[in-house]
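Everything on this sheet refers to the single structure shown next.
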Amino acid sequence: MVLRFAPSPTGPLHIGGVRTALYNYLLARQQGGRFILRIEDTDQTRFVPGAEAYIIQSLSWCGITFDEGPHVGGPNGPYRQSERKDIYAQYAHQLVEQGWAYYAFDTEEELEEMRQRFEAAGMVSPQYNSITRTYMKNSLTLPLQEVQERLRTQPYVIRFLMPRGREVRFYDEIRGWVSFHTKELDDKVLLKSDGMPTYHLANVVDDHLMGITHVVRGEEWLPSTPLHVLLYEGFGWEMPKFAHLPLILRPDGGGKLSKRDGDRLGFPVFPLWWQDPSSGEVSLGYRERGFLPEGLVNYLALLGWHPSGEQEVFTMEELIAAFDLSRVSKAGARFDYEKARWINQQHLRRRSVADLVPQVRVLWEARELPPISDTQLEALIQLARERASTLPEIVDAVRFFYAPPTHPLPETLSAKLHSPVLALLPTFLLELEQVSEHTEPIVETTLKGWARTHSLPLGKVLLTLRLLLTGEESGPSLYAILVLLGAAEVRRRLQIALPVYGVSQRL
RNA sequence: GCCCCGUUCGUCUAGCCCGGUCUAGGACACCUCUCUUUCAAGGAGGAAACAGGGGUUCGAAUCCCCUACGGGGUACCA
């Protein structure tokens with residue numbers, strides 16, 4: 001089994017592309033096959049510098065690796081279509097010789113004129129086909145001598161000669177039998193006037209030359225598959241199996257997911273950070289938004305595919321074992337960021353705390369928070385992880401640690417302070433400082449004991465203390481907060497806070 | 001317009017190929033209760049769908065047809 005992922009380097013790879021690559025990868029690894037990266041850069045006008053490197057880095061971050069490709073080499077190279085130009089020209093001419101294609105000399109203006117003429121005559125979207133081609137300048141209509149003259153002196157394209165009156169049937173591994181009639185198809189350009197092939201030619205030639213056995217690609221290719229089938233026939237090559245994946249749709253409204261939807265709805269559509277080279281505009285990716293690669297991969301795997309059981313959280317290894325093309329859905333799938341977050345949360349919990357330390361540290365330092373030891377960071381992560389779906393949320397959840405509140409608190413919060421607790425708090429501080437060992441159980445016992453001796457309701461005690469220390473009314477366990485802050489810091493914060501609320505007793 | 005593909009809870013989907021076991025299952029989100037100092041997390045429960053219409057059949061979410069709706073394609077873009 002040989003599979004490939006064949007993106008075009010016209011910009012950053014978006015998550016739809018990541019999913020296509022993932023499904024191909026899963027299949028290749030499951031079957032012990034090979035996985036090839038091929039860069040389809042045949043449109044020179046749309047080339048975006050950096051896009052190829054971005055694609056490789058993104059997939060690598062996701063854990064998707066290739067056996068062959070421009071970055072790793074291999075026996076079937078080169079892996080950039082722009083470097084294979086001569087190969088395609090040779091095959092295109094072969095098709096002409098065998099009567100499957102022809103030369104066309106029409107200029108852009110002539111093409112446009114033809115379209116307008118036929119539109120005026122009532123055709124909705126005129127194509128270059130068995131009817132219109134007879135009115136155009138090509139090797140089918142021009143005398144042989146003129147054709148040879150033009151071939152020598154002017155630019156030309158090679159068009160596929162769409163046969164008449166045929167039904168093209170092919171089996172799609174996801175959709176079953178699909179058929180098209182050739183009368184609906186046009187004479188697609190195979191070789192452009194700049195000598196580069198179009199997608200259709202390059203794709204078929206490369207898939208054959210590279211020994212691709214399964215073509216797994218997006219549904220947008222379904223309508224051009226009959227052309228590809230005919231090309232295989234023209235060349236006399238064995239066809240690969242085809243599987244067309246459902247598209248990823250926008251969370252609301254209609255159409256497929258686009259970068260704009262992400263910007264508008266507040267979620268990333270790219271795996272990694274990307275800066276548009278022409279506009280300079282920066283887009284954050286899933287990595288920057290604090291997703292774990294296995295979280296993104298797991299969610300994407302589930303968008304359009306469903307395992308036979310009810311398991312939803314998968315590692316890459318498990319996905320490789322469970323994936324099955326026949327269980328891929330036919331209908332487009334709406335993107336759901338909430339579910340992606342949930343899946344990521346599941347993976348966040350499966351990681352060991354020690355594993356997360358370096359990643360959280362990066363965020364910690366990026367926010368220019370005070371220096372912190374690994375041990376302390378581990379304790380904070382332990383505490384925050386349960387209430388976070390992404391990495392940055394871990395840092396957010398321990399604000400109390402690095403961002404002392406400013407007093408007085410906003411009215412809505414200060415109203416919740418309990419005066420009797422306020423007044424007696426200095427005595428608790430003394431008790432806390434007497435504690436032999438600062439661990440959660442001991443601190444908890446101390447605080448509860450203190451509340452009992454002073455007949456203070458525990459709920460009020462905890463809320464008041466939490467508000468004074470953190471400025472928030474909810475968050476991690478207050479006992480854990482007390483331990484992490486340490487008696488000295490608790491004293492410091494209370495010394496600042498208490499006087500503000502009228503407790504003047506010296507501390 | 002035309003061609004192709006599709007259509008089960010708000011969303012991702014199971015079930016459909018091989019009609020009865022489907023009073024349609026799971027998950028996210030939502031609601032309620034529970035645990036808890038709080039917020040999460042956890043536990044328990046709830047609300048929520050076979051697009052519509054015709055067939056075929058003793059029986060249809062499952063098979064057939066039509067309609068509607070959605071998506072894709074219709075470039076010297078991929």
Side-chain angles (χ1 to χ4, degrees), chain A residues 6-10 40-43 45-46 81 104 106-108 111 115 122-128 155-159 172 174-176 178-181 183-186 188-200 202-203 217-226 244 246-247 249 251-252 254-256 299 302-313 326-327 329-343 345 349 384-389 393 397 444 447-448 451 457-467 470 472-479:
Chain A
S8 152
T10 52
E40 310 227 328
D41 55 348
T42 55
D43 186 353
T45 65
R46 294 208 305 158
Q81 291 184 328
D106 317 278
T107 62
E108 225 173 286
L111 252 16
R115 285 190 195 105
M123 258 187 225
V124 174
S125 117
Q127 297 180 312
Y128 205 113
Y156 62 89
V157 300
I158 292 181
R159 284 183 182 272
D172 183 278
I174 294 168
R175 284 151 217 283
V178 178
S179 72
F180 288 80
H181 198 97
K183 73 176 174 220
E184 312 293 348
L185 275 19
D186 61 345
K188 278 271 179 300
V189 168
L190 262 21
L191 196 71
K192 304 188 255 189
S193 55
D194 65 358
M196 278 290 197
T198 57
Y199 172 86
H200 310 290
N203 199 258
R217 76 234 295 193
E219 194 187 354
E220 69 269 25
W221 295 109
L222 196 56
S224 45
T225 305
H244 291 92
L247 265 18
L249 274 16
D252 60 346
K256 50 178 176 177
Y299 175 66
L302 257 22
L303 244 198
W305 168 78
H306 195 275
S308 52
E310 277 177 355
Q311 183 181 352
E312 292 213 274
V313 182
S326 71
R327 296 192 63 86
S329 319
K330 298 181 178 75
R334 256 178 220 286
F335 185 79
D336 180 357
Y337 188 55
E338 279 308 313
K339 182 127 188 190
R341 284 168 45 81
W342 181 81
I343 296 270
Q345 179 183 54
R349 294 181 180 189
R385 184 162 60 155
E386 288 296 298
R387 31 180 65 72
S389 296
E393 286 170 34
E444 180 171 348
L447 183 56
K448 282 182 173 167
L458 188 62
K460 303 281 190 194
V461 169
L462 290 161
L463 181 59
T464 301
L465 198 46
R466 176 185 293 278
L467 248 13
T470 72
E472 320 238 337
E473 48 185 329
S474 64
S477 155
L478 188 62
Y479 308 117

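Every chain is numbered from 1 and lettered A, B, ... according to where its sequence line falls, protein lines coming before strand lines. These numbers were taken from a predicted model, which means no experiment stands behind them.
Backbone-only contact: A:Arg115 has heavy atoms under 4.0 Å from sugar-phosphate atoms and none from a base. Residue contacts shown for A:Glu472 are absent, as no nucleic acid heavy atom lies under 4.0 Å away. Using a 4.0 Å heavy-atom cutoff across all strands shown, A:Lys256 reaches sugar-phosphate atoms only and no base atom. Using a 4.0 Å heavy-atom cutoff across all strands shown, A:Leu458 reaches no nucleic acid atom at all. Nucleic acid contact class of A:Gly255 (heavy atoms, under 4.0 Å, all strands): sugar-phosphate only. As judged by a 4.0 angstrom heavy-atom cut-off over every strand, A:Thr45 is placed among residues making no nucleic acid contact. Backbone-only contact: A:Arg159 has heavy atoms under 4.0 Å from sugar-phosphate atoms and none from a base. Looking at heavy-atom distances under 4.0 Å, A:Gly304 makes contact with sugar-phosphate atoms alone, never a base. Among the atoms of the strands shown, base atoms are found under 4.0 Å from some heavy atom of A:Gly475. Nucleic acid contact class of A:Val189 (heavy atoms, under 4.0 Å, all strands): sugar-phosphate only. Across all strands shown, A:Arg349 has heavy atoms under 4.0 Å from sugar-phosphate atoms exclusively, and none from any base. A:Arg175 comes within 4.0 angstrom of the backbone, heavy atoms only, and of no base. Nucleic acid contact class of A:Ser8 (heavy atoms, under 4.0 Å, all strands): sugar-phosphate only. Counting non-hydrogen atoms under 4.0 angstrom, A:Thr42 reaches the backbone sugars and phosphates but no base.
Nucleotide B:rG6: paired with B:rC69 (Watson-Crick or G-U wobble, both distances less than 3.5 Å). The partner of B:rG59, taking Watson-Crick or G-U wobble pairs whose two distances both stay under 3.5 Å, does not exist in any strand shown. Both distances falling under 3.5 Å, in either a Watson-Crick or a G-U wobble arrangement, occur for no nucleotide opposite B:rU36. Base pairing of B:rU21: no nucleotide in any strand meets the Watson-Crick or G-U wobble criterion (both distances under 3.5 Å). Across every strand in view, B:rC16 sits unpaired, with no contact that passes the Watson-Crick or G-U test at under 3.5 angstrom. The base-pairing partner of B:rU74, taking Watson-Crick or G-U wobble contacts with both distances under 3.5 Å, is B:rG1.
Heavy-atom nearest nucleotides on RNA chain B were determined for A:Thr107 and for A:Leu462, and the one closer to the 5' end corresponds to A:Leu462. Nearer the 5' end of RNA chain B, as judged by each residue's closest nucleotide, is the contact made by A:His181, out of A:His181 and A:Pro223.
Across the C1' atoms, B:rA61 and B:rC16 are found 7 Å apart, a figure rounded to whole Å. Comparing B:rA47 with B:rG25, their P atoms are spaced 11 Å from each other, to the whole Å. Remark: the separation of the C1' atoms in B:rU7 and B:rG15 is 16 Å, to the nearest Å. Here the separation of B:rC50 from B:rG10, taken at their P atoms, is 9 Å to the nearest Å. Using atom C1' as the reference point in both B:rA48 and B:rA24, the two lie 12 Å apart (nearest Å). Nucleotides B:rG53 and B:rA14 are separated by 24 Å at their P atoms, to the nearest Å. Rounded to whole Å, the P atom of B:rG42 lies 29 Å from the corresponding atom of B:rC22. Nucleotides B:rG46 and B:rA51, compared at atom P, are 25 Å apart to the nearest Å.
For the pair A:Ser329 (side chain) and A:Ala331 (backbone), a donor-acceptor distance under 3.5 Å is absent. Listed for the A:Thr42 side chain is no donor-acceptor partner under 3.5 Å among the backbone atoms of A:Met196. A distance-only check finds no donor-acceptor pair linking the side chain of A:Asp336 to the backbone of A:Pro251 [under 3.5 Å]. With hydrogens and angles disregarded, a donor-acceptor distance shorter than 3.5 Å links the side chain of A:Arg466 to the backbone of A:Pro476.
Residues passing the ring-ring contact (aromatic ring centres under 6.0 Å, His included) test with A:His306: none are found, sequence neighbours excluded. Here A:Trp221 pairs with A:Tyr199 under the ring-ring contact (aromatic ring centres under 6.0 Å, His included) rule; sequence neighbours left out. Remark: A:Asp43 pairs with A:Arg46 by the salt bridge (Lys or Arg N to Asp or Glu O under 4.0 Å) rule, at least two apart or across chains. A:Tyr299 is linked by a ring-ring contact (aromatic ring centres under 6.0 Å, His included) to A:Phe335, counting only residues two or more places apart in sequence or in another chain. Shown here are the side chain to side chain donor-acceptor pair (under 3.5 Å) partners of A:Lys192, two or more places apart in sequence or in another chain: there are none.
With a heavy-atom cut-off of 4.0 Å to chain A, the contacted part of RNA chain B has its first and last nucleotide at B:rG1 to B:rA78.
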